[in-house]
Amino acid sequence: MHILTLLIFTPILFGFIILMTPSRWRVSFKYITLLATLVQLGMSVWIYLNFKNGVDFGGINHESQFQFLQKLPWINLDLGTMGKMQIDYFVGIDGMSIALLVMSSFVMVIAALASWEIKSNLKGFFVLFLILDMAVMGVFCSLDFFLFYIFYELMLLPLYFLIGMWGGARREYAAIKFFLYTLFGSVFMLLVMIGLYLSVTDPATGNHTFNMVQMMNPANYAPGSVFSTLSHHTIFGVPARTIGFIVLFVAFAIKVPVVPLHTWLPDAHVEAPTPVSIILAGILLKIGGYGILRVCISIFPDIAASGAYWLGLIGVLSILYGAFNALAQKDLKRMIAYSSVSHMGFVLLGIASHTAEGISGAVMQMVSHGFLSTMLFFLAGVIYNRVHDRGIRHFRGLANVMPKYTAFVMVAFFASLGLPGFSAFIGEAFSLTGAFKSPSTNGLLPYWMAACGSLGILLGAAYFLWTLQRMFFGTPNFKGGAVWQTALTDLNFRERITLLPLALLVLALGLMPSLVFGKINDSVLALVQFLQPK
């Protein structure tokens, strides 16, 4: 069995075991799920260790340069005179996917540990959790657009039920809002995908293809086809390629989420149970960034260059809007949700710069934010489980009552605000370096964007330090009085072993960013080279 296929479908195997296990053994479900995620993490670490570096393994627009490739004919439909419909089960990874794959596997282990707090309908919860796990891994490995789309859509269903059934008081509203937002982007993405399929032919077989690597080569577009670079087709008076890029960008930008497409995120986070919040922030937001890199700018590099100013502007708006909103929040989870909007803005700014530094910084920021948001939402969940309250003003002097918890909160806050020595500093610094370098190298972004982006780091320090000062320092004073004082016990063993590896990882990536940069560098250089105007 091929390693990537094993990685993708292992959760389903364990999910089937849970489905077959009698409900009276429900205690075992969490252990089976944890085992599934640990097996998956082991496989992804093995892939990381065996991932080859070098110009010949850059991937991006050469099929032969992807690693751990598996290509099997999947759907072959004879269309008579129209040739054949060719859809392959085509998986493989390059530098863009390897770092996010390992990060996602790790976040899934943390989410599995966090889900031990779930008390009702355990069988349903853990089966949906494992289906979601499979879909996430499938997205990062797929190189066939049809397969990518199936996994991308498959994430929606488990998330809808996980938020809608195990969430907070307004869970149905949050679940429906999340579902409709994401589906809105995906439906139009389907139309562009079909348009690309009808435009691109596989040079080997002469059939139309969903192969994303073939879609990157302008020579594979049939003359006169909708998305051909030479045919200049228009839709509503706008060039077809521009429409295609915008539709795909909106679909992925909803996931990132960028302003003004972000309004589902705070609601979904506040209502979702802790493990689902962890998956949403740690992995789902990164799928948006990954989609922009793998699909939008790779298939439409010409439009990505001409629209780089607008992408950068949306990135800067997200950074500042998210940060100002985080400053205004009274709910701890909502504050962290808006900080995610702000931090993911750096990803868009780095991608828009079209420089090696900017794109490296964007990938690093996604990996770093994956670990940090996981840590932050887990910490918010710890306090909520104790007293069922997350109001920032309802706590004071927590450091006196929960010293170990406070230590981890300080690590997470200082790492998130971009303190040197932690991973977020590297991601943000490189994204800003790329934005600052862009005016002199390719002229895509103006200097003021880098300056405004750096203001986001300052605002980040403001909302994290202000929250720290309000909740953790001073004389203990809680909204629930003595009852809360008793309930607010310090971290237990499960919580400590969950948080410790996360704290060590953000420190390790801050001190040794080559753990990520070393693996992604060849692919980033290949992508930057590919994006150069021909």
Side-chain angles (χ1 to χ4, degrees), residues 96 100 185 245-265 281 284-301 303-326 337-370 373 418 424 426-439 442 444-457 459-460 520 524 527-528 531:
M96 290 296 162
L100 293 167
F245 176 82
I246 291 170
V247 168
L248 288 176
F249 176 75
V250 167
F252 293 122
I254 288 170
K255 278 268 202 292
V256 170
V258 300
V259 176
L261 305 168
H262 68 288
T263 57
W264 64 268
L265 181 80
L284 230 78
L285 275 56
K286 316 304 170 294
I287 285 172
Y290 174 75
I292 291 170
L293 277 171
R294 171 71 71 222
V295 181
C296 288
I297 69 169
S298 298
I299 295 176
F300 297 104
I303 313 299
S306 58
Y309 177 88
W310 298 105
L311 294 197
L313 184 64
I314 294 169
V316 169
L317 276 175
S318 296
I319 292 169
L320 296 177
Y321 181 87
F324 279 120
N325 254 310
Y338 275 111
S339 81
S340 292
V341 175
S342 180
H343 287 133
M344 290 302 287
F346 286 100
V347 174
L348 204 53
L349 186 60
I351 292 172
S353 72
H354 284 213
T355 59
E357 295 93 333
I359 293 174
S360 297
V363 177
M364 184 64 163
Q365 178 72 345
M366 285 196 276
V367 173
S368 158
H369 185 262
S373 59
I426 306 287
E428 287 167 8
F430 272 73
S431 300
L432 291 173
T433 305
F436 203 73
K437 185 185 171 186
S438 176
N442 52 31
L444 294 179
L445 301 180
Y447 283 116
W448 63 262
M449 281 191 188
C452 288
S454 51
L455 188 62
I457 299 179
L459 290 167
I520 68 172
V524 168
L527 183 61
V528 171
L531 292 174

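Along the sequence shown, the residues carry numbers beginning at 1.
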Participant: So, do I297 and F245 sit near enough that their side-chain heavy atoms are less than 4.5 Å apart?
Facilitator: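 Answer yes - side chains close enough.
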Participant: Check whether H369 reaches the backbone of Q365 with its side chain - one donor and one acceptor, N or O, closer than 3.5 Å.
Facilitator: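 Absent.
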Participant: Do I287 and L100 have side chains that approach each other closer than 4.5 Å (heavy atoms only, starting at C-beta)?
Facilitator: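 No, side chains not in contact.
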Participant: With a 4.5 Å heavy-atom cut-off, do L293 and M366 have their side chains touching?
Facilitator: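 Touching, per the 4.5 Å side-chain cut-off.
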Participant: How long is the straight-line distance from CD of E428 back to OG1 of T433, given to the nearest 0.5 Å?
Facilitator: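 Answer for the OG1-CD pair, T433 versus E428, is 11.5 Å.
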Participant: Quick one: do L445 and L311 satisfy side-chain contact (heavy atoms from CB on, under 4.5 Å)? Show the steps, please.
Facilitator: CA-CA 9 Å; L445 301 180; L311 294 197; over 6 Å; no
Participant: Verify the distance criterion only: is there a donor paired with an acceptor across the side chains of H354 and S438 at less than 3.5 Å?
Facilitator: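 No pair is found: no donor N or O on one side chain lies under 3.5 Å from an acceptor on the other.
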Participant: Could you go step by step and tell me if F249 and I303 meet the side-chain contact (heavy atoms from CB on, under 4.5 Å) rule?
Facilitator: CA-CA 11 Å; F249 176 75; I303 313 299; over 6 Å; no
Participant: May I ask you to decide if G350's main-chain N or O and S431's side chain share a donor-acceptor pair within less than 3.5 Å?
Facilitator: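 No, S431 side chain to G350 backbone: no donor-acceptor pair under 3.5 Å.
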Participant: Rounded to the nearest 0.5 Å, how far apart are CZ of F430 and CD1 of I359?
Facilitator: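 Nearest 0.5 Å value for the CZ-CD1 distance: 13.5 Å.
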Participant: If the plane angle is over 60° it's perpendicular, under 30° parallel, otherwise tilted; pick one for Y309 and W448.
Facilitator: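 Because their plane-to-plane angle is over 60°, the rings of Y309 and W448 count as perpendicular.
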Participant: Hey, does L320 have a side-chain heavy atom less than 4.5 Å from the side chain of V259?
Facilitator: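 Contact flag for V259/L320 side chains = no.
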Participant: For C296 and F252, work out which heavy atoms get closest and say how close.
Facilitator: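 C296 and F252 have their closest heavy atoms at SG-CD1, 3.7 Å.
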Participant: If I compare all heavy atoms of V316 with all of C452, which pair ends up nearest, and what's the gap?
Facilitator: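 Answer, listing the atom of V316 first, then C452: CG1-CB, 3.6 Å.
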Participant: Show the nearest heavy-atom pair for residues S298 and P301, with the distance to one decimal.
Facilitator: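 The pair with the smallest heavy-atom distance is O-CD, 3.5 Å.
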Participant: What distance do R294 atom CZ and L527 atom CG have between them, rounded to the nearest 0.5 Å?
Facilitator: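 Between atom CZ of R294 and atom CG of L527 there are 8.5 Å.
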Participant: Nearest heavy-atom pair of G322 and S342: which atoms, and what distance?
Facilitator: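 Heavy-atom minimum between the residues: C-CB, 3.9 Å.
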Participant: Nearest 0.5 Å please: distance from the CD atom of E357 over to the CG atom of L432.
Facilitator: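 Going from the CD atom of E357 to the CG atom of L432 covers 12.0 Å.
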Participant: side-chain contact (heavy atoms from CB on, under 4.5 Å) with M344: which of V347, L348, V341?
Facilitator: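 Of the listed residues V347, L348, V341, the side-chain contact (heavy atoms from CB on, under 4.5 Å) partner of M344 is V347.
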Participant: Could you pull out the closest heavy-atom pair between P439 and P446, with the gap in Å?
Facilitator: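 P439 and P446 have their closest heavy atoms at CG-C, 3.9 Å.
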Participant: Begin with the C-alpha distance, continue with both residues' side-chain angles, and end with the deciding distance and a verdict on side-chain contact (heavy atoms from CB on, under 4.5 Å) for S368 and I426.
Facilitator: CA-CA 9 Å; S368 158; I426 306 287; over 6 Å; no
Participant: What distance do L349 atom CG and I319 atom CD1 have between them, rounded to the nearest 0.5 Å?
Facilitator: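 L349 atom CG to I319 atom CD1 measures 5.0 Å (nearest 0.5 Å).
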Participant: So which atom in A451 and which in S454 form the shortest heavy-atom distance, rounded to 0.1 Å?
Facilitator: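 Closest heavy-atom pair between A451 and S454: O-OG, 2.6 Å.
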Participant: Under 4.5 Å between any side-chain heavy atoms of M364 and I520, yes or no?
Facilitator: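 The answer is no; the side chains never approach within 4.5 Å.
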Participant: Out of curiosity, L531 CG to T355 OG1, how far, rounded to the nearest 0.5 Å?
Facilitator: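 One gets 10.5 Å once the value is rounded to the nearest 0.5 Å.
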Participant: Can the ring centroids of Y321 and H262 be said to lie less than 6.0 angstrom from one another?
Facilitator: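 Under 6.0 Å, so yes.
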Participant: Would you confirm whether K286, through its side chain, and A281, through its main-chain N or O, come within 3.5 Å as a donor-acceptor pair?
Facilitator: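 It does hold such a pair.
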